[in-house]
Structure formats: C-alpha cells, structure tokens
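In what follows, a structure is listed as structure tokens, so that the remarks can point back to it.
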Amino acid sequence: MTFSRMSFPLIASCRLFVRSVLRMTSPEVVQRLEQRARQADEAINILKTQIQMLKQHAVTAEEQRLKKENDQLRLQVDDLKAKLTLAEIQNGVQQVYLPVRTAATEAPAAQTADPAPKPAEAKSGQKQAQKGGKADKAAGKGEKKKGGPPQEEKPVDVSRLDMRIGRILSVKKHPDADTLYVEEIDVGEAAPRTVVSGLVKHVSMEEMQDRIVIAMCNLKPAKMRGITSQAMVMCASSPEKVELLDPPAGSQPGDRITFEGYPGEPDPVLQPKKKVWESVQPDLQVTSDKVATYKGVPFTVAGKGVCTSKTMTNVGIK
C-alpha cells in the first residue's frame, strides 16, 4: 500500500517532465532559437563593421592633421627661403639657379656624341689645331702690341650705383610668399620695372600704392620665388623697423640721385663678383637730422632737394 501511494506522484512528475522536453524540442522552439542565432550573428557583423569604420575614420583624421602640419611647415620653409634670397640679393650675393632636368637633357650621351675620328683624320686634325694655336698666339701678340694702355678701374664709390626716383604704379602680395610684395614701378623708362620687396611686415599696401620712392636700378636681376626682380626699393633700416625713404617734393620718375663730389656714370649692371654694392652699402646712412647720406653727402635730386627718412635716425640704408 505504501509503495502504491508514493508511486502515483512520481509518475505524474515524470509525465510533466516528458511533456516539457517534448515542448522544448518542438520545431517552433528550434526555429525560434535559429532565428535568434541569426540575429546575434547579424549584430556581431554590424559591430565589426562599425569598429572598422571607426578605425578608418581615426586613421583618416590623423592623416589630415599630419598633412595640414606638413603644409604649414612647407610654407614656413618657403618664407624663410624667400627672406634669405632677399637678404643675399641686398648684400650682393649672386644667385645661381640650377637648370631643370628634362627627358631631353637626360638623353644618353651616345646619341649626341660625334663618332670617333679615324686615326688618319685624328692626326691631321691635331696638326691643324697646332697650326691654329700658333696663329692665335701670333695674333694675340699683335693685339697686345697694337692695343693702347689698359683702362683704369673705376673707383668703388656711390657713383657706381644707379639710384633713381620711381613711382609705384601697382602693388600686390606675392602669390607664393606671405612676406613679399610684387610692385610695378615707373623709373622713367619705356616700361615699368617689376620689383619684389620684403616689406609686408613693415609697410602697408595702402602706403605703397602710388608712392614716390628711390629705386636701385642696376643690381643684377634675380628671381625671387619665381618672379624676376629688376630693382630694389631703398629704405631706412634697423633690426626693429624699416621705412621707405622720402624723395624731395617735385621729384619725378627717372630723376637721378646724385652725390656732390662723386661724379661719373653708374655701371649698367653691378657685377656681384666685384662686390661694389657690398663695399658702398655700409656707408649709406640716415643722419640724426633724418637726411639720407653717403659718407655724410646727402642723397640729392638736382634742383629739388635732398632725400630723407620720415622718422628714423642714425640707421643704415638698404
């Protein structure tokens, strides 16, 4: 009796367990589990894609930052190069520009070289060269005998400089250098001269426009950041300040700056090797009376007066 009474609840529990297992293993449950597994896979793939996009965005942002910094550094280097070139030109240092190498210039030398001469031709050529050399020597001796005494070297002083009055017709910023102006200046010639000046930090564009200035016209033309400068604007200059020199009232483009006691005509072009500008420039000074001078002799425009500085005194001119 006791065993029979206890067996009925156990059997009922087993039946319920079997039914629950049968329910769990039904096709609907399996289908739901598979669907949830697919959804989990899709979520994982979405997360992977988002992580990859975030990584790419971070790399792109870093590349853009580095590129921006690189561009800024390049501009700074270009500005420093322009300042160095301007300083060298003002100090008479000759600028040497290397030719651009192209496919034509890099063609093999064998294509342009002349064929080697035959032995007989080489011997005859050597004989002709020897005869020609003797003839050239004889001609040289004759020229030395016929020629007069050698010309005297001109004195190295301010008379060698071609300084004239100019009017700035137009002024704009250099397209490739933030510290440079590009001016068109009338110096009394058929066409205005293009001049590149490092005055952006010292003189405003409004002050430059239509200004009467003193232009140094016989420095050797030089390219500054791709633009050829054909003259130099003369300024009173110190490490802290730079200002344009003022010609006397009534000065006109083309008027020559002269110096009493230093006659003579200026060189057509100052040759950098002769160092004329380097020798003369240290003696160009503004006096305590604001007068521009060379060794104490004023910059003078004949019949009109002397050149001055607006505010600066006891400084150099360049």
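- Not counting sequence neighbours, the partners of R225 by the salt bridge (Lys or Arg N to Asp or Glu O under 4.0 Å) test are D78.
- Heavy atoms only, all atoms of each residue included: R193 and A231 are closest at CD-CB, 4.4 Å.
- A continuous path of ILVMFWY side-chain contacts below 4.5 Å connects V242 to M205, so both sit in one hydrophobic cluster.
- Using a 4.5 Å heavy-atom threshold, the side chains of E42 and N45 count as separate.
- The distance from atom CZ of R256 to atom SG of C217, rounded to the nearest 0.5 Å, is 10.5 Å.
- By the side-chain contact (heavy atoms from CB on, under 4.5 Å) test, Q209 is found to be paired with V171, residues two or more places apart in sequence or in another chain being considered.
- Taking 4.5 Å as the limit, every side-chain heavy atom of V286 sits out of range of all side-chain heavy atoms of T293.
- A ring-ring contact (aromatic ring centres under 6.0 Å, His included) check over residues 214-244, counting only residues at least two apart or in different chains, returns nothing.
- Between the side chain of T300 and the main chain of A302, no donor-acceptor pair closer than 3.5 Å is present.
- By the side-chain contact (heavy atoms from CB on, under 4.5 Å) test, K67 is found to be paired with D71, residues two or more places apart in sequence or in another chain being considered.
- Counting only heavy atoms from C-beta outward, the side chains of V182 and K173 never approach each other to under 4.5 Å.
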Problem - D267 vs R160, salt bridge (charged side-chain N to carboxylate O under 4.0 Å, His left out): CA-CA, chis, key distance, verdict - result: CA-CA 5 Å; D267 294 10; R160 305 278 293 273; 2.8 Å; yes
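- If you run side chain to side chain contact (heavy atoms under 4.5 Å, CB included) between M216 and each of M234, Q281, K318, only M234 comes through.
- Listed for the K154 side chain is a donor-acceptor partner under 3.5 Å among the backbone atoms of E265.
- Ion pair E189/R164 flagged as a salt bridge, since at least one NZ, NE, NH1 or NH2 atom sits closer than 4.0 Å to an Asp/Glu carboxylate oxygen.
- Taking OG of S170 as the start and CG of D186 as the end, the distance is 11.0 Å to the nearest 0.5 Å.
- When the side chains of ILVMFWY residues are joined at heavy-atom separations under 4.5 Å, either directly or via intervening members, M163 and V156 end up in a single hydrophobic cluster.
- For Q64, the side-chain contact (heavy atoms from CB on, under 4.5 Å) criterion is met by T60, not counting sequence neighbours.
- For the pair V280 and L161, the minimum side-chain heavy-atom distance is below 4.5 Å.
- A donor-acceptor pair under 3.5 Å is absent between the side-chain atoms of E206 and the main chain of V203, judged by distance alone.
- Sorted by first and then second residue, the ring-ring contact (aromatic ring centres under 6.0 Å, His included) pairs involving residues 290-318 (not counting sequence neighbours) are F259-F299, Y262-Y294.
- For the pair D246 and K310, the salt-bridge criterion is met [side-chain N within less than 4.0 Å of a carboxylate O].
- Listed by first and then second residue, the ring-ring contact (aromatic ring centres under 6.0 Å, His included) pairs involving residues 39-87 amount to none (not counting sequence neighbours).
- Residues V196 and K223 form no side-chain contact, since every pair of their non-hydrogen atoms from C-beta on lies 4.5 Å or further apart.
- Shown here are the ring-ring contact (aromatic ring centres under 6.0 Å, His included) partners of Y181, two or more places apart in sequence or in another chain: there are none.
- The distance from atom CG of L270 to atom CG of L219, rounded to the nearest 0.5 Å, is 6.0 Å.
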Practice task
Let me see the working for S159 and D157 under side chain to side chain donor-acceptor pair (under 3.5 Å), right down to the final yes or no.
Solution key: CA-CA 6 Å; S159 66; D157 59 35; 2.5 Å; yes
Exercise for the section: Could you go through the side chain to side chain donor-acceptor pair (under 3.5 Å) check for S204 and E207 one step at a time? Expected result: CA-CA 5 Å; S204 69; E207 289 181 80; 3.3 Å; yes
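- More than 12 non-hydrogen atoms from other residues, nucleotides or ligands lie less than 6.0 angstrom from NZ of K241.
- The closest donor-acceptor contact from the side chain of N218 to the backbone of D162 lies under 3.5 Å.
- No donor-acceptor distance shorter than 3.5 angstrom exists from the side chain of E243 to the backbone of C235, with no hydrogens or angles considered.
- Residues V200 and D178 have side chains not in contact (no heavy-atom distance under 4.5 Å, counting atoms from C-beta outward).
- When every heavy atom of A236 is checked against every heavy atom of S309, the shortest pair comes out as CB-OG, 3.9 Å.
- T313 contributes no side-chain N or O that, together with a main-chain N or O of S288, makes up a donor-acceptor pair within less than 3.5 Å.
- Under the salt bridge (Lys or Arg N to Asp or Glu O under 4.0 Å) criterion, K304 pairs with D255, sequence neighbours left out.
- Residues satisfying the side-chain contact (heavy atoms from CB on, under 4.5 Å) test with E69, not counting sequence neighbours, are R65, L66.
- Through side-chain heavy atoms spaced under 4.5 Å, either directly or across other Ile, Leu, Val, Met, Phe, Trp or Tyr residues, V291 is tied to V306.
- Listed by first and then second residue, the ring-ring contact (aromatic ring centres under 6.0 Å, His included) pairs that reach into residues 154-175 come to none, sequence neighbours excluded.
- A 4.5 Å side-chain heavy-atom check between P221 and S229 finds every atom pair outside the cut-off.
- Within the 4.5 Å cutoff, the side chain of V59 has no heavy atoms near those of the K55 side chain.
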